[in-house]
Amino acid sequence: MYKNLVPLRHTEHAGLRLLPVSNYDFASELMLAPIVVDELAEAAREYPIVFPRDAALPAVLLGVQRGRNAYVGDNGQWLASYVPAHIRHYPFMLTRLPGKGDGQDHVVMMDADSPLWSKIEGEPVFDGESLTPVAQRSVDLLRAMSRRQVTTRAMVQAIAAAGLFVERTVRVKRPGHPDARVSGLRAVDEKAFNALSDEAFNALRKSGALPLVYAHLLSWANFRQGPIGRA
């Protein structure tokens, strides 16, 4: 989705304007979108929640065909009521400065090749040296997500420490099409979860990770009833 990230600077981008999102073609090849704890309830209703093997955060799975986001329709419409924050803050991104910890200074980046930029139409990005409210809302969302990533990563670590993750290859049967497979994913082993001792279960509860476990397990129904099964 991000093709050419560069620092956002008023000295270089003073005349830049941001177009409203009229379609989501910019995300049409995105197959995974990371999520944070605040998104669990909304995400679980419409997307399968998975744990990519080498990622610190959970993610929603958006497609099972390589380079094909099943939640972007033929006309660029988003085929779900909830749009993950990872997509809503596009074309902005935060990069942490080297040597800084969580909550410290970040650099605001932009996808210089995004179709949402214009020099003629849309809302200005800068008012003098300051971001306009339109741009600031995206940056505020990014900063809020960055803070919540700390909590979410701790939840994933607690699940891993409890020994609940198993490697999974997702196989989706699609009427009239060959079966699709996605590998490189982890999932919570429901049998292992149900077999936890009282001590281990209470430790997981105290870590705050139970909402993520339950949201993940419930969300897998979306393989059958969501756009992925029809893609």
Side-chain angles (χ1 to χ4, degrees), residues 1-6 8 18-36 39-40 42-95 109-118 138 141-142 145-146 149 152-153 156 165-188 215-216 219-231:
M1 187 167 72
Y2 290 90
K3 303 186 186 314
N4 183 17
L5 279 172
V6 300
L8 179 66
L18 185 64
L19 297 170
V21 177
S22 58
N23 66 68
Y24 290 88
D25 284 341
F26 62 83
S28 62
E29 298 180 3
L30 189 67
M31 295 184 66
L32 289 164
I35 58 172
V36 295
E39 301 182 88
L40 290 178
E42 296 283 1
R45 292 189 183 100
E46 300 187 275
Y47 308 93
I49 297 174
V50 298
F51 299 89
R53 181 188 298 147
D54 298 320
L57 294 172
V60 290
L61 184 65
L62 301 175
V64 292
Q65 293 177 275
R66 184 172 297 278
R68 168 74 172 92
N69 184 343
Y71 288 84
V72 176
D74 294 337
N75 297 318
Q77 72 274 30
W78 195 263
L79 302 178
S81 59
Y82 179 73
V83 180
H86 180 74
I87 294 159
R88 284 186 279 122
H89 65 59
Y90 182 81
F92 299 101
M93 179 65 78
L94 282 187
T95 297
M109 311 289 286
M110 55 171 270
D111 182 359
D113 293 344
S114 171
L116 299 181
W117 298 126
S118 174
S138 290
L141 175 60
L142 279 165
M145 285 186 66
S146 180
Q149 284 174 5
T152 311
R153 284 196 296 268
V156 175
F165 281 137
V166 290
E167 297 279 332
R168 280 281 162 81
T169 295
V170 173
R171 178 184 177 188
V172 177
K173 295 185 176 183
R174 300 171 300 145
H177 299 277
D179 292 356
R181 296 174 183 267
V182 181
S183 57
L185 303 176
R186 295 176 298 171
V188 171
H216 159 70
S219 76
W220 279 48
N222 293 313
F223 279 114
R224 298 187 300 273
Q225 60 196 29
I228 282 181
R230 301 190 298 268

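Checked against salt bridge (charged side-chain N to carboxylate O under 4.0 Å, His left out), R53 has the following partners two or more places apart in sequence or in another chain: E167. Considering only residues two or more places apart in sequence or on other chains, T169 meets the side chain to side chain donor-acceptor pair (under 3.5 Å) condition with none of them. Residues forming a side-chain contact (heavy atoms from CB on, under 4.5 Å) with A44 (at least two apart in sequence, or on another chain): I49, A215, S219. The side-chain contact (heavy atoms from CB on, under 4.5 Å) search around A187 returns R168, H216, W220, not counting sequence neighbours. Partners of E42 by salt bridge (charged side-chain N to carboxylate O under 4.0 Å, His left out), not counting sequence neighbours, listed by chain and number: R45. Residues passing the side-chain contact (heavy atoms from CB on, under 4.5 Å) test with E29: none are found, sequence neighbours excluded. For H86, the ring pair (Phe, Tyr, Trp, His ring centres under 6.0 Å) partners are H89, not counting sequence neighbours. For Y47, the side chain to side chain donor-acceptor pair (under 3.5 Å) test picks out W78, with sequence neighbours left out. Evaluation of the side chain to side chain donor-acceptor pair (under 3.5 Å) rule for Q149 yields no partner, not counting sequence neighbours. Remark: L5 pairs with Y2, M93, M109 by the side-chain contact (heavy atoms from CB on, under 4.5 Å) rule, at least two apart or across chains.
Not a single donor-acceptor pair under 3.5 Å links the side chain of Q77 to the backbone N or O of V72. The backbone N or O of V50 lies less than 3.5 Å from no partner atom in the side chain of R186, so there is not a single donor-acceptor pair. Looking at D111, its side chain does come within 3.5 Å of a backbone N or O of N4 through a donor-acceptor pair. The closest donor-acceptor contact from the side chain of Q225 to the backbone of N222 lies at 3.5 Å or more, if one exists at all.
Residues N69 and M31 have side chains not in contact (no heavy-atom distance under 4.5 Å, counting atoms from C-beta outward). The closest side-chain heavy-atom distance from L32 to L62 is not below 4.5 Å.
When all heavy atoms of L79 and P227 are compared, the pair lying nearest together is O-CG, 3.8 Å. Smallest separation of non-hydrogen atoms from P52 and L185: CA-CD2, 4.3 Å. Across every non-hydrogen atom of Y82 and E46, the tightest pair is N-OE1, 2.8 Å. In this structure, A85 and M145 approach most closely via the heavy-atom pair CB-SD, 3.3 Å.
A distance of 7.5 Å separates CG of L61 from OH of Y71, quoted to the nearest 0.5 Å. M1 CE to S114 OG: the interatomic distance, rounded to the nearest 0.5 Å, is 9.0 Å. Taking OG1 from T152 and CG from L40, the interatomic distance works out to 7.0 Å, rounded to the nearest 0.5 Å.
Under the 6.0 Å cut-off for aromatic ring centres, F92 and W117 qualify, their centroids lying closer than that.
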With a cut-off of 3.5 Å and sequence neighbours excluded, list every side-chain donor-acceptor pair involving residues 18-28.
unit_1: N23; atom_1: OD1; unit_2: D25; atom_2: N; d: 3.0
unit_1: S28; atom_1: OG; unit_2: D25; atom_2: O; d: 2.9

*asked:* side-chain contact (heavy atoms from CB on, under 4.5 Å) for R153 and V156? Distances and angles first, verdict last.
replied: CA-CA 5 Å; R153 284 196 296 268; V156 175; 5.7 Å; no
